Amino acid sequence: MRIEDVVCSFCGCLCDDLVVEVEGTRVINVENGCTLANEKFMGDHRLEAPIRRSGGKWEKVSYEEAIAETAGILLDADRPLLYGWSGTYGEAQTIGVHLAEVLGAVIDNTSTVCHGPSIMAIQEVGHPGCTLGQVKNRADVVVYWGANPVDAHPRHMSRYTTYCDGFFVKNAFRERKVVVVDVRETESSQVADEFVKVNPGGDYAVLSALRAIVRGKRDIIPPDVEGVSREQLFRVADMCIAAKFGAFFFGVGLTMAPGKNKNIRNAIELTEELNRHTKFTISPMRGHWNVYGSNEVFTWITGYPFAVDFARGIAFYNPGETTSVDILRRGECDACLVVASDPGAHFPRACAEHLARIPTVQIDPHVNVTTHLSRIQIPVAVAGIDAEGTAYRMDGVPIRTRKLFQGRYPDDLEVLEKIYAIVKEAKG
Amino acid sequence: MKFLFNTGRTIRQGSYVERKNAPSYREEASAIRMNPVDMFEMMVEEGDRVRVKSSTGEVVMKARADPGLVRGRVFCSLGPYANHIVSPETHGTGMPDFKVTEVEIEPTQDPVSSVAMLMGQCGGVPYED
């Protein structure tokens with residue numbers, strides 16, 4: 001069976017033009033997809049059945065047993081942490097937030113280690129963003145800062161910027177200027193019209209210098225700012241000021257580097273300065289599929305986008321205190337439910353050690369690094385392949401994904417609803 | 001020799017993300033990219049094993065030449081190998097310093113651990129699928 005307009009469930013681009021061929025319960029061909037999409041749809045490496053760690057060994061258990069034991073672990077805990085959520089759809093994320101509220105738990109999503117600092121900056125100074133469609137049709141200058149789309153968002157350039165003609169940009173490759181700012185050369189920097197190589201940790205100073213230039217203070221700029229020459233800074237600033245419509249896209253190269261949320265604040269304020277001259281927007285390159293959706297869902301229900309602590313009976317948010325890495329490194333939580341993510345791979349070692357010490361349960365279709373640290377893993381259907389639901393693209397556009405075939409796994413929503421029902425009954 | 005250790009996404013690491021027990025994922029996640037002149041000075045060839053030490057921990061990786069890197073800086077794809085040496089300190093932001101870890105690198109004959117073994121060292125129980 002050939003299915004058109006399939007939405008990819010890998011990165012935040014949510015490309016919605018894939019053509020997928022399905023035979024029974026397997027995807028046998030993908031058209032229009034990037035390398036990541038092909039692996040996502042064609043891969044067949046799922047965990048067969050729920051597993052439980054018993055002493056030093058692993059054993060298979062039934063879904064009923066695994067779900068009941070998971071609910072028991074969460075009910076026994078004084079300070080449970082519910083982490084992940086970016087690889088699943090909004091309906092399942094909603095149950096996750098309600099579960100956290102009933103348990104008095106902390107619930108956090110993967111933006112805590114990707115664009116959490118961006119959200120903190122947006123809370124301070126706002127977000128002059130736009131949809132990717134606006135960029136595609138209007139932008140004549142695009143700046144990728146601390147981002148490497150060729151590796152992390154492989155079709156971003158061909159669907160929205162460098163290689164994509166738009167309504168007002170008829171010949172994008174010639175008419176659209178692309179600037180890449182990074183600490184190292186990448187394949188993305190090689191296709192840029194201008195590559196600005198910044199010293200590690202120097203982004204804040206370079207952003208400040210550009211703000212000063214845009215403000216008309218060229219005379220105060222020193223000959224070199226964190227490895228970038230004054231001449232190149234003038235050139236980039238002039239290119240931005242002369243743009244009819246400019247777009248900044250920033251990656252974790254800014255949010256993870258020294259300065260973190262303050263880097264993003266400075267970038268947003270540079271965008272504000274540029275808007276005194278022309279139209280400029282700024283947007284984060286959200287990485288893990290529906291991570292934007294997890295921020296949306298958390299915010300609708302609790303008022304906060306990530307790191308929400310229900311221990312007080314009300315929602316409380318304080319990055320640095322209620323964020324997962326901090327809770328784990330302090331050894332604070334006494335149980336962890338991981339859904340649709342892999343903290344074992346993406347958190348520092350001290351966090352992995354604590355996940356191994358406490359009862360950690362993982363709901364995920366695949367064996368990953370967290371599997372080795374868990375007590376129980378419950379395999380589920382893959383969102384966008386054999387499970388359907390709503391996900392958010394990196395620019396905040398919600399897109400409905402479809403089920404391509406009826407598989408044999410329950411989906412995240414079904415498993416989480418069963419856990420929630422047991423917990424709710426116990427809590428009264 | 002001392003280096004500044006950076007982490008980030010690579011397309012290969014992304015491709016193998018749902019097969020993290022596989023040798024292909026280990027190859028990519030444990031590769032440390034270095035300037036070829038630094039490798040020459042350390043008498044390290046492409047594919048040789050090196051011990052990478054930070055104030056937080058140490059891990060064995062495989063050297064890979066990358067002329068796009070400035071001397072004194074190294075890059076590794078994000079994942080369990082890189083995170084073995086990244087500090088969990090977040091400076092009140094929730095975000096560790098994934099981009100700037102000071103490390104010392106030396107050649108070694110020790111083997112590169114599998115992902116399962118690495119998690120075994122963290123107190124986990126390896127699951128072989």
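Because the structure is a prediction, the values reported are computed rather than measured. Note that these values count all heavy atoms, side chains included, but never hydrogens, waters or copies made by symmetry.
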Checking [X] against chain B: side chain, backbone, both or neither under 4.5 Å from a heavy atom?
X: A:Leu328; value: neither
X: A:Asn318; value: neither
X: A:His372; value: both
X: A:Lys40; value: both
X: A:Arg329; value: side chain
X: A:Ile51; value: side chain
X: A:Thr360; value: neither
X: A:Phe10; value: side chain
X: A:Val150; value: backbone
X: A:Asn261; value: side chain

Taking side chain as C-beta onward, heavy atoms only, is [X] less than 4.5 Å from [Y]?
X: A:Val252; Y: B:Phe98; result: no
X: A:Arg349; Y: B:Thr56; result: no
X: A:His346; Y: B:Leu78; result: yes
X: B:Val100; Y: A:Pro258; result: yes

Which heavy atom of [X] sits nearest to which heavy atom of [Y], and what is that distance?
X: A:His45; Y: B:Glu18; answer: CB-O, 3.8 Å
X: B:Gly94; Y: A:Thr323; answer: CA-OG1, 3.4 Å
X: B:Thr90; Y: A:Gly320; answer: OG1-CA, 4.3 Å
X: A:Ala345; Y: B:Tyr25; answer: CB-OH, 4.3 Å
X: A:Val325; Y: B:Pro88; answer: CG1-O, 3.6 Å
X: B:Ser15; Y: A:Thr35; answer: OG-CG2, 3.4 Å

Counting only heavy atoms closer than 4.5 Å, note whether [X] contacts chain A via side chain, backbone, both or neither.
X: B:Tyr16; answer: neither
X: B:Arg73; answer: side chain
X: B:Ser87; answer: backbone
X: B:Tyr81; answer: neither
X: B:Val17; answer: side chain
X: B:Asp97; answer: both

Let me confirm one number: the [atom1]-[atom2] distance from [X] to [Y], rounded to the nearest 0.5 Å.
X: A:His354; Y: B:Cys122; atom1: NE2; atom2: SG; result: 13.5 Å
X: A:Asp151; Y: B:Arg9; atom1: CG; atom2: CZ; result: 10.5 Å
X: B:Thr10; Y: A:Glu187; atom1: OG1; atom2: CD; result: 10.5 Å
X: B:Asn6; Y: A:Met256; atom1: CG; atom2: CE; result: 10.0 Å

Highest number of heavy-atom pairs under 4.5 Å with chain A: which of [options]?
options: B:Met119, B:Lys20, B:Lys99, B:Met95; value: B:Met95
options: B:Gly123, B:Pro96, B:Gly120, B:Ala82; value: B:Pro96
options: B:Gly57, B:Gly92, B:Gly8; value: B:Gly92
options: B:Glu128, B:Arg12, B:Arg19, B:Glu89; value: B:Arg19

Would you indicate whether [X], at its atom [atom1], is surrounded by more than 12 heavy atoms from other residues, nucleotides or ligands within a distance under 6.0 Å?
X: B:Glu45; atom1: CD; answer: no
X: A:Glu59; atom1: CD; answer: yes
X: B:Glu41; atom1: CD; answer: yes

Counting heavy-atom pairs under 4.5 Å with chain B, which one of A:Glu39, A:Glu185, A:Arg184, A:Glu48 comes out on top?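 Of the options given, most contacts go to A:Arg184.
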
Please rank A:Pro200, A:Gly344, A:Ala352 by heavy-atom pairs under 4.5 Å with chain B and give me the top one.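 Option with the top pair count is A:Pro200.
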
Between A:Lys260 (side chain only) and B:Thr93 (backbone N and O only), is there a donor and an acceptor less than 3.5 Å apart?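 Between the backbone of B:Thr93 and the side chain of A:Lys260 there is no qualifying donor-acceptor contact (under 3.5 Å).
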
